[in-house]
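Notes follow the structure.
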Amino acid sequence: MAKKPDTLWETPADEALRWERGTDLAALDHAATPGWAGKKGDGERLMAERAPELADLQERLFAHGRTGGDRSVLLVLQGMDTAGKGGIVRHVVGLVDPQGVMHRGFGVPTPEEREHGYLWRVRNALPRPGYLGVFDRSHHEQVLVVRVEGLEPEDTWRQHYDELNEFEAEVAASGILIVKVALFVSADEQKERLAERLDRPDKYWKYDPSDIDARTRLPEYLAAYQEMLDRTSTEVAPWYVVPANRKWYARLAATELLTGALRSLDLGWPPATFDIEAEKARLAAS
Ligand code: ATP
């Protein structure tokens with residue numbers, strides 16, 4: 001008899017993927033499937049099974065927000081070009097009702113954004129109670145691209161680690177459960193994915209010549225990601241590091257992390273705030 005797919009998590013995703021300070025990011029096996037003992041087909045079956053549960057949990061969260069609750073969830077996605085952030089949004093976040101999702105991508109700051117501190121645009125994008133917030137890139141770019149591209153002097157960007165942690169502690173204390181997922185593909189896999197963008201007319205729009213510039217600075221990005229993980233993985237906002245060469249695994253892992261986060265809120269359905277029998281009688285008489 002075929003094994004039930006969810007038994008194939010030998011180690012739960014949140015344990016298998018949680019970043020431990022000091023782990024060598026350069027030694028990450030990008031094709032690995034940490035915690036998961038199954039194959040691609042098993043993973044796809046489990047994702048299909050999780051879909052209704054994830055949708056149900058998100059609807060409970062939404063109902064909670066509509067009835068005065070203060071909880072919400074923020075999924076933070078970090079990763080270089082082609083790491084698959086967009087795929088997670090489409091295939092994982094896409095499993096829930098879009099009406100309950102607040103999605104925000106963080107690109108190069110606009111002139112208006114530059115007039116404020118770097119956390120201004122982030123605060124404005126935080127999910128309201130009951131929502132699932134999704135950040136495609138995030139405030140962490142302040143210690144990634146800003147560091148690697150030399151957009152600020154070192155003693156300035158170095159201060160951001162503590163600021164990011166303080167900010168996230170404040171966000172968590174306000175009722176927002178933070179789930180931070182960093183996706184990593186190997187340099188070869190990135191090359192293949194970029195080559196595909198250059199080969200396919202339906203992918204040209206995704207290609208940005210500056211992606212090649214970032215590729216030439218991979219060692220600098222690796223160092224920046226290493227320090228970001230080591231210094232901003234905290235109790236209230238831990239990083240989960242997902243090897244992403246296998247897209248199906250990255251999506252399965254993100255589904256599992258998100259499902260686990262929503263489950264941990266332990267939200268029931270809000271009780272009726274009206275007299276059910278009286279309303280039934282009114283309806284019948286109407
Ligand atoms: P992605 O590359 O994430 O798939 P995209 O190609 O659509 O997205 P945008 O989202 O418009 O591009 O912008 C992403 C770019 O913005 C990245 O190159 C990123 O490094 C840059 N960026 C993000 N935050 C900052 C920041 N604080 N300062 C400078 N550049 C930033």
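Below, each value reflects all heavy atoms present in this structure, side chains not excepted, and no hydrogens, waters or symmetry copies.
Residues Leu258 and Val92 are in side-chain contact: their nearest non-hydrogen atoms beyond the backbone lie under 4.5 Å apart. The side-chain heavy atoms of Val108 and Val145, taken from C-beta on, include no pair separated by under 4.5 Å.
Judged purely by atom type and a 3.5 angstrom limit, Ser186 uses its side chain to pair as donor or acceptor with the backbone of Glu189. Panel note: side chain His140, backbone Gln78; no donor-acceptor pair is recorded below 3.5 Å. Although no hydrogens or angles enter the test, the distance criterion places a donor-acceptor pair under 3.5 Å between the side chain of Arg246 and the main chain of Ala31. Between the side chain of Arg197 and the backbone N or O of Asp208 there is no donor-acceptor pair closer than 3.5 Å. Side chain of Thr67 to backbone of His64: a donor-acceptor contact under 3.5 angstrom is found. Remark: the backbone N or O of Asp81 is paired with a side-chain donor or acceptor of Gln190 at under 3.5 angstrom.
Following chains of ILVMFWY side-chain contacts shorter than 4.5 Å, one cannot reach Trp120 starting from Phe167, and the two form parts of different hydrophobic clusters. Hydrophobic cluster membership differs between Leu75 and Phe135, with clusters built from Ile, Leu, Val, Met, Phe, Trp and Tyr side chains linked at under 4.5 angstrom.
Between the CD atom in Glu168 and the CD1 atom in Ile178 there is a gap of 4.5 Å [rounded to 0.5 Å]. Between atom CH2 of residue Trp36 and atom CG of residue Asp42 there is a gap of 5.5 Å, rounded to the nearest 0.5 Å. With rounding to the nearest 0.5 angstrom, the CG atom of Leu252 is 8.5 Å from the CZ atom of Arg50.
For Glu196 and Arg193, the salt-bridge test fails: no basic side-chain N is under 4.0 Å from an acidic carboxylate O. Using a cutoff of 4.0 Å between basic side-chain nitrogens and carboxylate oxygens, Asp188 and Lys191 are not scored as salt-bridged. Arg60 has a carboxylate O that lies under 4.0 Å from a charged side-chain N of Asp56, or vice versa, which qualifies the two as a salt bridge. Looking at Arg123 and Glu113, no side-chain N of the basic residue comes within less than 4.0 Å of a carboxylate O on the acidic one, giving no salt bridge.
Cation-pi geometry between Arg128 and Tyr131 is met: the NZ or CZ atom falls under 6.0 Å from the ring centre, inside 45° of the normal.
Ring geometry for Trp9 against Tyr249 counts as tilted: the plane angle lies between 30° and 60°, on a 0 to 90° scale.
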